[in-house]
Amino acid sequence: MHYSFEIEGQALLATLEGELDLHTSPEFKEEIITIFETHPQIKYLIINVQGMSFIDSSGLGVILGRYRELQTRGGKLFFVQANPQIKRILQLSGFQKISEFANSANEVLERI
Amino acid sequence: MESTNWIKLEFPSDTRNVAFARTALALFAAQLDWTLDELEDIKVAVSEAVSNSIIHGYQLQEGIVHVHASHSNQILKITIEDFGQGIADIEQATETGYSSIPEERMGLGFTFMYEYMDEVQVISEVNVGTKVTMFKRVGHPESHGTN
Ligand SMILES: Nc1ncnc2c1ncn2[C@@H]1O[C@H](COP(=O)(O)OP(=O)(O)OP(=O)(O)O)[C@@H](O)[C@H]1O
Ligand SMILES: [Mg+2]
């Protein structure tokens, strides 16, 4: 699992690569929570999942936790480059109702 | 005549073994003729059941997870068993959105297992353990992806 973060104004762009599961999600969770805490201006979370090969409920739980924080900040959640498999699990877990899909981070940055 | 085959794995409740188990099971399952989406579905189901044994069954403490898989006549059968806490109310546990640790988890593991496999059976007893058995048939009408 590799991930990187970039802050663009009120948006946090997170790029996830590899497998987000029970083993890999705690470290990712800790880091993204720290970024939220140290950057109270963050209102938009844009997650690029193009390179993500696997996610299950442990990984989705971390993302839901950040969505809840975004809600208290009046923000929004976006997924960039979700393949059909990832779209399906996001749909099953109700994320398609609370987030938006996009083809690129720039597209989102123009939208917000 | 299709031959029957099976594997058996045992490993400690180390979170690294979740990826090991789903990858090993996908390799075994690949002896049958699935679509790529179906193989991904099997990986998610195994990941959820093994994660549950580690998180809930063994409360992230020491324990051994047993995995058995077999296929026969185009039907894959996977059993994941722990000898941990057990589940008091299986009906409640398998409800979508129910989690005994709702501040951390979404309660979707069982939902994914039911969605991605054709059939799921749960046998559990408090302080004895939990056994989840899942079946998936090749070419089953329910088991194709969204695309
Ligand atoms: N192997 C197990 N041993 C003991 N309890 C279990 C086991 N598997 C599941 N449970 C119980 O069933 C509940 C529901 O499981 P499920 O996988 O659907 O959700 P979760 O694990 O709580 O959350 P998520 O899977 O979304 O991370 C768990 O919260 C737990 O109480
Ligand atoms: Mg679970």
Side-chain angles (χ1 to χ4, degrees), chain A residues 1-3 16-33 36 47 49-72 77 79 81-99 101 103, chain B residues 11-23 25-26 34-60 65 96-99 101-117 142-147:
Chain A
M1 177 77 206
H2 295 277
Y3 46 84
L16 304 188
E17 276 167 25
E19 308 195 316
L20 194 58
D21 69 359
L22 178 62
H23 184 68
T24 55
S25 57
E27 190 187 312
F28 171 67
K29 178 180 178 179
E30 212 175 288
E31 283 204 32
I32 195 165
I33 287 178
F36 268 73
I47 306 178
V49 291
Q50 183 169 29
M52 194 162 73
S53 50
F54 182 86
I55 188 162
D56 63 14
S57 65
S58 294
L60 292 167
V62 175
I63 298 175
L64 186 74
R66 289 308 85 202
Y67 169 74
R68 288 185 179 143
E69 178 60 27
L70 289 172
Q71 265 188 314
T72 70
L77 173 62
F79 290 98
Q81 290 280 331
N83 67 36
Q85 186 72 28
I86 288 173
K87 269 197 179 144
R88 181 164 170 230
I89 203 163
L90 289 172
Q91 249 153 29
L92 262 181
S93 43
F95 273 99
Q96 101 279 17
K97 289 184 217 133
I98 59 171
S99 63
F101 293 121
N103 292 318
Chain B
F11 47 82
S13 54
D14 181 316
T15 56
R16 289 174 297 185
N17 291 332
V18 178
F20 174 77
R22 65 171 176 263
T23 308
L25 269 276
W34 308 102
T35 64
L36 284 180
D37 276 352
E38 286 168 338
L39 273 178
E40 285 303 312
D41 294 353
I42 293 164
K43 274 198 198 171
V44 173
V46 170
S47 201
E48 295 298 345
V50 173
S51 296
N52 278 351
S53 287
I54 296 175
I55 304 162
H56 305 294
Y58 294 125
Q59 310 271 298
L60 297 167
V65 180
T96 297
Y98 173 81
S99 177
I101 28 178
E103 28 343 303
E104 261 177 55
R105 313 217 138 252
M106 300 193 296
L108 288 177
F110 274 124
T111 301
F112 293 162
M113 290 182 242
Y114 281 102
E115 183 68 25
Y116 289 147
M117 302 296 282
E142 268 179 32
S143 54
H144 51 71
T146 40
N147 44 336

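Throughout, a chain's letter reflects where its sequence line sits, starting with A, and its residues are numbered from 1.
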Donor + acceptor pair across side chains of Y3(A), E27(A) (<3.5 Å):
yes
To the nearest 0.5 Å, how far apart are CD1 in I42(B) and CE in M113(B)?
14.5 Å
Pick one of side chain, backbone, both or neither for S53(A), based on which atoms fall under 4.5 Å of a heavy atom in chain B.
backbone
Side chain, backbone, both or neither: which part of L36(B) has a heavy atom under 4.5 Å from chain A?
neither
Using side chain to side chain contact (heavy atoms under 4.5 Å, CB included) as the criterion, point out the one residue from D21(A), L16(A), I63(A) that pairs with I55(A).
I63(A)
Part of R105(B) lying under 4.5 Å from any heavy atom of chain A
side chain
Ring geometry between F101(A) and F79(A) (parallel below 30°, tilted from 30 to 60°, perpendicular above 60°)
tilted
